[in-house]
Amino acid sequence: MSRFWRPGSEKPSASLVDDEEGGVLLLPTNTNSSSSSGFGYASLERQRQRLPVYKYRKAILYLVERHATTIVVGETGSGKSTQIPQYLKEAGWAEGGRLIGCTQPRRLAVQTVASRVAEEVGVKLGEEVGYTIRFEDQTNPGMTMIKFLTDGVLIREMMEDPLLTKYSVIMIDEAHERSISTDILLGLLKKIQRRRPELRLIISSATIEARSMSTFFSIRRKNSLPESADDLPNPEPAILSVEGRGYTVETHYVEEPVSDYLLAAVSTVLIIHEKEPPGDILVFLTGQDDIDAALKLLNDEIQHLRKHYFDLVILPLYSGLPRGDQDLIFAPTPKGKRKVVISTNIAETSLTLEGVVYVVDSGFSKQKCYNPISDIESLVVAPISKASARQRAGRAGRVRPGKCFRLYTEEYYLNEMQADGIPEMQRSNLVSCIIQLKALGIDNILGFDWPASPSPEAMIRALEILFSLGILDEDAKLTVPIGFQVAEMPLDPMISKMILSANDFGCSDEILTIAAFLSVQSVWVSMRGVKKEFDEAKLRFAAAEGDHVTFLNIYKGFHQSGKSSQWCYKNFLNHQALKKVIEIRAQLVRVMKRFGIPLKSCDRDMQAVRKAIIAGSFANSCHLEEYGQNGMYKTIRTSQEVYIHPSSVLFRVNPKWVVYQSLVSTDKHYMRNVIAIEPSWLTEAAPHFYQYRTPNPAPH
DNA sequence: GTTAGGGTT
C-alpha cells in the first residue's frame, strides 16, 4: 500500500520514496530540521539574508510591535512579500493559534509567494504556510500560521468574521496599485482597528504615495485614551523605506514630442537592435490593435532591411492571447537571437519576463473610465502616471543594468505627468462595491471613510440601481431575503438577481449555467486571422434568441465532448475559460443549496429563460432605430446610442427589442451578450421601473 | 457596417 504524507503525520523521510504503484514519488523537499544539514537549506537561508529587507528585520519588528499601522515602502525585489510574514512568525505573532495574513491583488502572486515561503520555512504548503484563493483553499485550520490570500477573499472572510479575529497581523501587499478590493479592504481595516486596537496592519507599497496612506491611517484620538493603556500600540502610522534589488536603468527621452508612438516604438526597436549589445526588448503599447499594427510594421520594415534583422524574434503579449502563444513569451531566447515582446500593461505588474534589458515605453495605456450620469464604463487610451513609468522602466533592470527609452520628453515627464494614477474606485461602477459594504453592516455609504472617495454621483447611481433591482429598500438597507442573498453571491448583482428570479420561471438549472458564462471574460478564442472559420464555428452554437441561449448550447457540447480540449480547439473555444465556467457553476450550485433553492430545468422553454434574464437586466433594454444608422439601437432608459458587439451572435441580425448584459465602449458603445425580447416582458418584469422611468416605453 | 488595459469574489 502506498503511504501518503498526510497532514498531521510524520514528515516524510528519504525512505518514504515509493513508486511501487507507478508514480507516487515523494522526495523530501527542503526540511527545516536541524539534523538535515542539507545544502539546499543552507543556501536558502543565505539567499534570505542577501535580500535588502533583511537589514531592516529588527526595525520592522520593532515598528510593528509599537505601531498599529506600519507602512513599508519598497521596490520590487526587496523581498518584503516573502520575508516580512516569516519575520513576524519568528517573532511570535502566530502563537496561540493566531494568524498572520498577507494579501495580494492577484491569484497567481498568492500561489507563488506562498509556495516560495513554504519552501524557505521548510514545510509542506498548506500546513504552517498556506494560501486561499477562490476555488482553492490550501490552509489547515489549527495548523496554518502564515496565510496568503487575495484581497477579495479577505473581504469575503469578513462576512463570516467582521473583525477578522483570527488574525494578529494583516499585511496588504501592492497597496499602491489601488485596486477596488484593496481600497475597500483599507477602509474596512481602518474601521476594525478602532474596535481591535491590538490588530497590527502592514501596508506595503511601491511608491511614496505612502504619505497619503499614512494620513489615511492616522487616528486622531480626541477623547484620547488614558496613558495607562500603554500595552496598546501607537495609533500614528510608522513609515519605513526599503531599497529594491533591481539594477540601475538608464533612462532616455525623446527630444521632441512624437506624433505617432507606434512608428516611434518601431523605429526605437530597430535602433536598439542595431546599436545595443544583446538583451531582450519589451515594448509597452496600449491594446491588441496597437500591438498587431506594430508587429506588422516591424515585420514590414525588416523585409526591407539587411539580413541581420532576421535575428529578431517578435512576439505579441496581451491577456486575450491563446495559452500556447503566451508560452512562447517565456521560452528562452534562441542563441544569437534577440526577443522583442510587444505588450499591454499586463507586463507591467502581472507577468515578469526574465531577460529583458531594454524597455520602450509609449507613455500610454488603456484605462477604465466611468460616467455615473450615463452609467457607462469605457476604456480609453490615456497617459500613464509617473509611478507606472517607473514601474515599466524597472522591468529593464531585473538581470543586469538596462535601458529605458521613453517616447515622451523629459520636460513632459517632469512637469506634466501625474505622480500617481487615479484609484480604480474613482473610475468604476460601484454596484458590487456598495453591496459588499452593505453586507458588512456599513449603512452610511456617503459617510464611509474611503481611502479615495468616489463621487457622490457615482454612489447615488449605484444606490439607485440596487434599489430598482429590489436589493435595497427605501432606507437603502438590504432587503430580506433577496438583498442578503445577492450580497452573498460572488457575482455582479444583476446576475445574482437573475439567478434568484429563475426560481419563479422554473429554469434555475439553465440560468446557473448562463450566470457562470457571464462571469468569465470570453469563452471564444480571439483569432483575427481566420475569421471565416471562426464565424462558422460560432454558427454551430448560435441560438436565434441570443448569446445567453448560445451559452447553453456550448455548455451542452462541452459536456458531450467529455470536456475535451481538442473539441475546444476545433470550435475556437477557450478551454481554460470553459473549465472556469464549470468551476463557477459548481460554486453557485453550492450557494443555491445553502439558500434552499432547488435546481430546476425548463427543458426547451427558452421564453422562461429569457424572462429570468430580464428580471436582472431589465434596465438594459434597447430598441432598434429603424430609420437611423444601420444597426443603431437606443437605450430605453437614457436614449443612448448603442450597437450590438461584433462578437454577439445577434450582430447583423438586429432584432427589434433587445436586452444586453454589459456595455463595452470604445469608439461606439457596444452591447455585449445580447438577447432578443418582447417589449411586454419588460413591464411585466419591472412595472415600477418602467412606469416612473419612461412615460411610454412600450409601443403596445 | 466589424471588436476586448489589467485584476477579483
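Protein chains get the first letters and strands the later ones, always in sequence-line order, with residue 1 at the start of each. Quantities reported herein were computed from a predicted structural model and do not represent experimental measurements.
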What does [X] touch in the nucleic acid at a heavy-atom separation under 4.0 angstrom: a base, only the sugar-phosphate, or nothing?
X	result
A/L379	base
A/I155	nothing
A/R134	base
A/S350	sugar-phosphate
A/D290	nothing
A/G287	sugar-phosphate
A/S319	sugar-phosphate
A/E424	base
A/T666	sugar-phosphate
A/T344	sugar-phosphate

Establish, from distance only, whether the side-chain atoms of [X] and [Y] form a donor-acceptor pair under 3.5 Å.
X	Y	value
A/Q111	A/Q138	no
A/T352	A/R395	yes
A/D290	A/Y261	yes

Protein-nucleotide distance ([X], atom [atom1]; [N], atom [atom2]), rounded to Å:
X	N	atom1	atom2	value
A/Q104	B/dT9	CD	P	13 Å
A/Q521	B/dT3	CD	P	19 Å
A/D535	B/dT2	CG	P	15 Å
A/D492	B/dG7	CG	P	19 Å
A/I180	B/dG7	CD1	C1'	10 Å
A/D173	B/dT8	CG	P	15 Å
A/R178	B/dG5	CZ	C1'	19 Å
A/I495	B/dT8	CD1	C1'	14 Å

[N] phosphate, OP1 or OP2: any side-chain N/O from [X] under 4.0 angstrom?
X	N	value
A/S647	B/dT3	no
A/R107	B/dT9	yes
A/T150	B/dT9	yes

- Message: The side chain of A/F651 is closest to which nucleotide in this list: B/dT9, B/dG5, B/dT2?
- Response: B/dT2
- Query: Counting side-chain heavy atoms from C-beta on, which of B/dT9, B/dG5, B/dT2 comes nearest to A/Y670?
  - Reply: B/dT2
- Message: With a 3.5 Å cut-off and heavy atoms only, can you find an N or O donor on one side and an acceptor on the other between the side chain of A/R652 and the base of B/dT2?
- Response: yes
- Task: Apply the test side-chain contact (heavy atoms from CB on, under 4.5 Å) to residues A/K191 and A/I442: give CA-CA distance (whole Å), side-chain angles for both, the deciding distance (0.1 Å), then the verdict.
- Result: CA-CA 10 Å; A/K191 263 182 112 75; A/I442 305 210; 3.8 Å; yes
- Identify, between A/N654 and A/G152, the residue whose nearest nucleotide on DNA chain B lies closer to the 5' end. A/N654
- Message: Let me spell it out: for each of A/G631 and A/R672, pick the nucleotide of DNA chain B with the closest heavy atom. Which residue's pick is nearer the 5' end?
- Response: A/G631
- Message: A/Y643: which residues meet the side chain to side chain donor-acceptor pair (under 3.5 Å) condition with it, sequence neighbours left out?
- Response: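 By the side chain to side chain donor-acceptor pair (under 3.5 Å) rule, A/Y643 matches A/Q629, A/E641.
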- Using the test side chain to side chain contact (heavy atoms under 4.5 Å, CB included), find all partners of A/V649 that sit at least two apart in sequence or belong to another chain.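 In terms of side chain to side chain contact (heavy atoms under 4.5 Å, CB included), with neighbours along the sequence ignored, A/V649 is linked to A/A542, A/D547, A/T550.
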